[in-house]
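These notes are about the structure you will find just below.
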There are 2 protein chains.
Amino acid sequence: EEHITVSDYLLTRLEQLGVTSIFGVPGDFNMRDYIEDHPRINWIGDCNELNAAYAADGYARVKEHSIGVVVTTFGVGELSAINGIAGAFSEMVPVLHIVGVPSTVQLKTKPLLHHTLGNGRYPFDAYTKAAEQVTISQAKLMNKGHAATEIDRVLTDCITHARPVYLTLPTNMVGEQIPSRRLGVPLPRTPPANNPDVEAYVLEEIVKLVDAANQDIIILIDACAIRHDVRDEVNDLLTKTRFPVYSAPMGKTAVSEEHDRYGGIYIGSISDPAIKKKVETAKLILSIGALKSDFNTGMFTYSIPAIHTVELHSDHTLVRHAQFPGIGMKLLLPKLTAHLKQYQQGASQLDVPRFKLDVPKETDERITHTYFWPRVGKFFKKRDVIVAETGTSSFGILDVPLPDQSVFLSQILYGSIGWTVGNTLGAAIAARDKNLGRVILFVGDGSLQLTVQELSTMIHQRLTPIIFVINNDGYNIERNLHGMERKYNDIQDWKWTSLLTTLGDLDGTLSKSYTVRDKASLDKLLDDAEFAKAGKIQLVEVVMGKFDTPRALKAAAELSAKNAEKV
Amino acid sequence: EEHITVSDYLLTRLEQLGVTSIFGVPGDFNMRDYIEDHPRINWIGDCNELNAAYAADGYARVKEHSIGVVVTTFGVGELSAINGIAGAFSEMVPVLHIVGVPSTVQLKTKPLLHHTLGNGRYPFDAYTKAAEQVTISQAKLMNKGHAATEIDRVLTDCITHARPVYLTLPTNMVGEQIPSRRLGVPLPRTPPANNPDVEAYVLEEIVKLVDAANQDIIILIDACAIRHDVRDEVNDLLTKTRFPVYSAPMGKTAVSEEHDRYGGIYIGSISDPAIKKKVETAKLILSIGALKSDFNTGMFTYSIPAIHTVELHSDHTLVRHAQFPGIGMKLLLPKLTAHLKQYQQGASQLDVPRFKLDVPKETDERITHTYFWPRVGKFFKKRDVIVAETGTSSFGILDVPLPDQSVFLSQILYGSIGWTVGNTLGAAIAARDKNLGRVILFVGDGSLQLTVQELSTMIHQRLTPIIFVINNDGYNIERNLHGMERKYNDIQDWKWTSLLTTLGDLDGTLSKSYTVRDKASLDKLLDDAEFAKAGKIQLVEVVMGKFDTPRALKAAAELSAKNAEKV
Ligand SMILES: Cc1ncc(C[n+]2csc(CCOP(=O)(O)OP(=O)(O)O)c2C)c(N)n1
Ligand SMILES: Cc1ncc(C[n+]2csc(CCOP(=O)(O)OP(=O)(O)O)c2C)c(N)n1
Ligand SMILES: [Mg+2]
Ligand SMILES: [Mg+2]
């Protein structure tokens with residue numbers, strides 16, 4: 001029988017899942033030799049573990065059907081990463097967290113090792129208990145006899161639930177030999193089958209509603225359509241039915257924003273009034289993968305009653321008020337398309353105004369949010385990866401139509417600032433694998449300060465993202481939510497344009513940095529072909545007003561204040 | 001009856017405990033207005049939450065009898081900080097973690113808010129469960145009727161156990177009015193009384209052993225003597241008995257290293273041979289506050305059998321093999337001193353060779369560890385605060401005698417790298433409060449990359465630490481432990497001397513930076529009176545050999561490899 005080390009077993013499984021890069025920080029209890037020696041998997045050493053977890057999340061988001069992997073040492077490393085793992089849990093991103101732990105003997109004899117919680121709480125159960133809160137399943141490899149099945153179990157959970165999983169690898173297990181036999185069978189990806197009777201009933205119910213709606217139907221697409229991998233099924237539904245489609249913020253780019261049946265972003269009462277009307281007056285809304293969090297729904301201002309709604313989810317379906325647990329959309333959608341294509345003729349007649357955003361004429365020279373976002377919109381190209389940090393960026397970008405085949409990344413539900421910086425690193429590596437276009441990050445000055453060191457890893461890896469830093473003297477989004485003039489919303493100003501040279505481009509040949517303070521210089525830069533080519537890593541400091549705020553953010557903050565009054 | 005807001009109740013309690021500064025990052029669910037408005041407590045806005053937790057830890061360590069306080073928002077903020085809290089738990093540092101959470105109504109109605117784990121795990125119990133793993137007690141303020149007692153309960157646990165505690169503050173509780181009555185009674189600090197019969201018996205047993213040892217006695221002091229606040233008691237014991245005293249690495253500076261009865265650092269078989277002999281051949285070892293972790297004991301190579309040992313701890317005593325739970329050293333020590341002062345005459349005759357480290361003559365111009373550490377030893381002054389990062393720094397500094405009244409900070413048990421940067425911020429603020437001397441940090445190039453942004457907060461707060469960055473092309477300590485020539489132990493080189501200007505000293509007037517590559521320039525800098533005055537924040541890049549390693553680290557790595565073979 002053929003044998004393989006536990007580490008190589010794991011790496012082979014990861015390779016089967018399309019993993020080409022693993023993120024992490026070394027520590028004295030981990031499997032990094034096997035990764036460094038692996039011919040087709042790269043070790044990406046990060047500056048710290050939180051950033052590594054963010055990077056694994058970004059990698060997984062861009063590299064669909066694959067997963068992100070982060071390796072840390074136990075205690076100090078894993079707890080540093082845990083907020084990144086929690087974000088992946090919240091936003092449903094498949095990430096494997098591998099933790100190097102002491103030997104199986106030490107785990108039993110419990111010497112007072114460094115990185116432990118000391119005599120107060122021993123041994124390391126505390127760390128696993130913390131991990132249990134933010135991962136969907138966990139395996140502790142204490143025994144080589146179970147290593148392969150345990151690895152397969154957590155990886156299967158990771159890919160089928162699109163949520164992070166946790167694996168501890170004792171130092172002495174790393175090189176243990178185990179049979180490689182199981183590797184011949186790929187890990188299962190297909191969701192559990194729907195009960196055929198229930199499914200048939202659901203289809204019938206939906207067709208009845210569609211019929212009754214008399215062509216007045218729209219599709220509303222959201223985050224879980226991306227996370228639970230039904231984009232192809234949705235596109236097929238669109239092509240065959242030509243129903244108008246709108247998107248929630250977290251569903252942005254799930255369907256091409258250049259699709260002729262695409263009408264734009266619906267965010268409850270924060271929506272563009274024309275879009276709001278189209279969505280809310282439709283007789284039937286076919287909602288796919290909804291995730292109704294505060295910022296994703298315009299602070300819970302959806303005005304689409306259940307009686308007009310069919311909701312498809314990964315593991316259940318709602319038809320008006322009726323619930324159908326276990327009926328998942330991945331298998332339901334193709335059948336639904338088959339039933340609904342008969343409505344194409346009528347649906348095609350429904351008018352869908354094109355989602356667009358013109359660059360306004362403003363006499364003011366300063367760069368305002370009303371100018372900036374439509375202007376960068378013109379700069380985007382097909383297949384760009386566009387990352388927006390929580391703050392003015394994540395709200396500003398919502399109104400901007402993104403090009404066909406572009407990828408939009410933002411952590412709208414979990415909202416941990418600094419996330420985009422590590423995420424851009426992972427996204428850029430995945431984009432390189434997939435031959436996507438440029439990676440373009442929009443990040444606030446406040447947010448960049450949390451995780452700035454990961455710019456260094458981008459330089460080290462010769463990645464060439466374009467990084468727009470919105471310099472507005474601090475936490476604008478926080479000012480709008482609470483404490484407009486408060487000092488705690490100010491930050492220390494930095495020499496933003498020196499960051500890339502200081503953090504690794506020592507001789508200045510690998511990067512370029514720019515400051516733009518007015519519309520003319522912004523325009524000039526965006527029109528510069530050399531800049532647009534993104535041949536090097538580039539950072540653009542965009543100087544904006546301290547109190548200038550995008551429309552959608554201002555509206556959300558007002559609604560948030562109103563909600564707060566009520567409670 | 002007088003009333004006060006919940007926030008001001010809490011702040012008054014903190015003020016009573018000597019807290020002058022609170023660290024944190026704003027978020028939309030916290031009490032920062034009350035802090036900003038408080039006349040005697042400062043809000044120190046950090047670049048990220050992990051650094052804020054590290055800073056709170058450093059503040060608590062330097063400001064004895066007080067506590068460190070860190071404020072974060074829930075989920076994203078608290079999980080970002082949790083590794084810093086875990087370090088405080090492991091190393092017994094009193095830190096209060098205040099978490100701003102949604103309103104008590106929202107905590108019950110459970111809307112899908114940002115920063116939550118989403119529909120997968122709702123509401124926020126997951127975060128509290130994670131916090132339970134790394135804090136000694138927790139309070140959720142759901143009801144203003146219990147707010148005062150709950151606040152008092154966790155603060156009392158914090159100061160009496162010297163471990164972190166966790167407090168959630170719903171947005172709507174922040175401003176609630178509660179009676180201020182309880183504030184008249186200060187929180188209790190004294191540990192529980194020892195059982196008088198048992199205590200008398202223990203004293204008698206110890207005196208018998210001392211008697212039998214025939215003056216051949218040494219004291220071995222360790223971490224818990226600092227953490228459980230018995231330095232005064234130990235100094236009194238020293239003065240009255242004149243027993244020789246040695247220190248474990250984590251006990252460094254618990255007793256003045258200039259004390260004429262102080263003999264140096266004991267680290268098991270890694271010790272200087274003369275010190276090793278003195279300690280291991282003593283007939284009786286009076287161990288005070290021992291914490292026998294791997295790095296603190298020379299990888300478990302103590303050679304001092306229980307039969308020759310009395311161990312005093314915060315909550316128990318060991319006399320040879322006999323255990324006395326509940327007999328704590330804080331109250332025992334003064335009585336022990338009273339019993340043992342009769343031995344002074346004899347003990348004084350025991351010779352204690354002075355702990356010193358000469359600067360070697362080396363022909364090589366390069367800066368070696370054998371040269372560097374004794375050389376900076378000559379630079380230190382009374383009342384300096386000296387911080388050493390895990391790595392070549394934490395091992396290199398052990399052999400250096402530190403001046404009287406200096407404070408030594410290092411995270412030898414938990415060993416989370418990057419810790420020193422945030423810690424230096426907190427330490428520097430506490431040092432300013434206490435009118436201590438200079439704050440001097442030694443940090444590796446690898447470690448600094450984890451938490452570098454907090455240099456910015458030091459500049460913002462006009463603190464003036466001296467920061468020595470050991471630039472040795474990566475993770476030297478890791479090379480010694482595993483993978484000497486491996487690429488994963490390399491790091492991206494930075495323009496170290498541009499960090500301070502890039503991260504906040506925009507016009508270059510607030511800071512100075514230097515690179516030293518040879519002994520002559522190091523000497524010149526250290527002899528420069530202007531540099532030594534530390535009037536501005538200063539960063540010194542010290543260029544060292546990639547494979548050069550301090551003696552104690554090399555020895556520890558060899559022992560660690562031997563231990564690994566055994567398991
Ligand atoms: C880890 C984390 N800490 C704190 C917060 C609370 N928070 C949300 S947005 C924000 C400020 C963002 O400032 P900036 O990046 O400058 O954004 P902008 O000024 O463009 O709004 C803060 C502190 C958070 N969401 N995540
Ligand atoms: C948060 C965290 N991540 C990883 C480690 C594992 N680790 C211990 S020391 C070290 C390298 C330190 O390198 P550097 O600061 O350059 O030290 P030196 O070269 O002086 O030894 C690493 C990665 C750790 N202790 N803590
Ligand atoms: Mg900002
Ligand atoms: Mg180094």
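For the numbers below, each heavy atom of this structure counts, side chains included, while hydrogens, waters and symmetry mates do not. Since this is a predicted model, take the numbers as computed values, not measurements.
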Q: Can you tell which part of Gln411(A) gets under 4.5 Å to a heavy atom of chain B, answering side chain, backbone, both or neither?
A: neither
Q: Could you tell me whether the side chain of Asp28(B) and the main chain of Leu481(A) form a donor-acceptor pair under 3.5 Å?
A: no
(Q) Taking side chain as everything from C-beta outward and backbone as N, CA, C, O, which of these in Glu132(B) sits under 4.5 Å from a heavy atom of chain A? Side chain, backbone, both or neither. (A) backbone
Q: Nearest 0.5 Å please: distance from the OG1 atom of Thr390(B) over to the NE2 atom of His115(A).
A: 8.0 Å
Q: Give a yes-or-no answer on whether the side chains of Asp33(B) and His482(A) include a donor-acceptor pair shorter than 3.5 Å.
A: yes
Q) What is the minimum heavy-atom distance between Leu113(A) and Phe300(B), and which atoms define it? A) CD2-CE1, 4.2 Å
Q. Roughly how far, to the nearest 0.5 Å, is CG of Asn83(A) from CD1 of Ile82(B)?
A. 10.0 Å
Q | For Ala52(A), all residues meeting side-chain contact (heavy atoms from CB on, under 4.5 Å), sequence neighbours excluded | A | Phe23(A), Asp46(A), Val70(A)
Q: Check each atom of Leu506(A) against the heavy atoms of chain B and say whether the ones under 4.5 Å are side chain, backbone, both or neither.
A: both
Q: Just do the side-chain contact (heavy atoms from CB on, under 4.5 Å) check on Arg486(B) and Arg32(A) with the steps written out, would you?
A: CA-CA 9 Å; Arg486(B) 285 284 186 173; Arg32(A) 55 203 189 281; over 6 Å; no
Q. Nearest heavy-atom pair of Leu79(B) and Ala86(A): which atoms, and what distance?
A. CD1-CB, 3.5 Å
**Q.** Minimal non-hydrogen separation, Thr501(B) against Lys495(A), with atom names
**A.** CB-NZ, 3.9 Å
Q) Which atoms of Tyr488(B) come close to chain A, meaning under 4.5 Å heavy atom to heavy atom: side chain ones, backbone ones, both, or neither? A) both
Q. Looking at OG of Ser416(B) and NE2 of His114(A), how far apart are the two atoms once the value is rounded to the nearest 0.5 Å?
A. 11.5 Å
Q.
Assess the residue pair Glu36(A) and Lys487(B) against the criterion (side-chain contact (heavy atoms from CB on, under 4.5 Å)); give the C-alpha distance rounded to whole Å, side-chain angles, the decisive distance to 0.1 Å, and a yes or no.
A. CA-CA 8 Å; Glu36(A) 187 165 311; Lys487(B) 276 208 298 269; 3.6 Å; yes
(Q) Quick check against the 3.5 Å criterion: does Ser90(A) have a side-chain atom that pairs as donor or acceptor with the backbone of Thr116(B)? (A) yes
Q. So, do Leu50(B) and Leu50(A) sit near enough that their side-chain heavy atoms are less than 4.5 Å apart?
A. no
Q. Going through the distances and angles, do Tyr475(B) and Val25(A) end up as a side-chain contact (heavy atoms from CB on, under 4.5 Å)?
A. CA-CA 11 Å; Tyr475(B) 304 146; Val25(A) 178; 4.2 Å; yes
**Q.** Gln492(B): partners by side chain to side chain donor-acceptor pair (under 3.5 Å), with sequence neighbours left out
**A.** His460(A)
Q: Might you point out which heavy atoms bring Leu413(A) and Gly118(B) nearest each other, and give the distance in Å?
A: CD2-CA, 3.9 Å
Q) Can any side-chain N or O of Gln449(A) pair as donor or acceptor with the backbone N or O of Cys47(B) at less than 3.5 Å? A) no
Q) Does the pair Leu112(A) and Phe295(B) meet the rule for a side-chain contact (heavy atoms from CB on, under 4.5 Å), with working shown? A) CA-CA 9 Å; Leu112(A) 198 55; Phe295(B) 287 145; over 6 Å; no
Q) Roughly how far, to the nearest 0.5 Å, is CG of Leu503(B) from CG of Asp493(A)? A) 11.5 Å
Q: Would you confirm whether Asn48(B), through its side chain, and Leu450(A), through its main-chain N or O, come within 3.5 Å as a donor-acceptor pair?
A: yes
Q: Specify which of Pro102(B), Gly483(B), Gly45(B), Pro26(B) makes the most heavy-atom pairs with chain A at under 4.5 Å.
A: Pro26(B)
(Q) Please classify the contact between Thr451(A) and chain B as side chain, backbone, both or neither, with a heavy-atom cut-off of under 4.5 Å. (A) backbone
Q: Report the option among Ser80(A), Gly24(A), Ala130(A) that has the most heavy-atom pairs separated by less than 4.5 Å from atoms of chain B.
A: Ser80(A)
Q. For the atom pair CD (Glu49(A)) and CD1 (Ile417(B)), what is the distance rounded to the nearest 0.5 Å?
A. 7.0 Å
Q) Relative to chain B, which of Met92(A), His161(A), Lys129(A) shows the most heavy atom pairs under 4.5 Å? A) Lys129(A)
Q) By a 4.5 Å heavy-atom criterion (distance strictly below it), what part of Tyr414(A) contacts chain B: side chain, backbone, both, or neither? A) both
Q. Will you find, in the side chains of Trp494(A) and Ser456(B), an N or O donor that is under 3.5 Å from an N or O acceptor?
A. yes
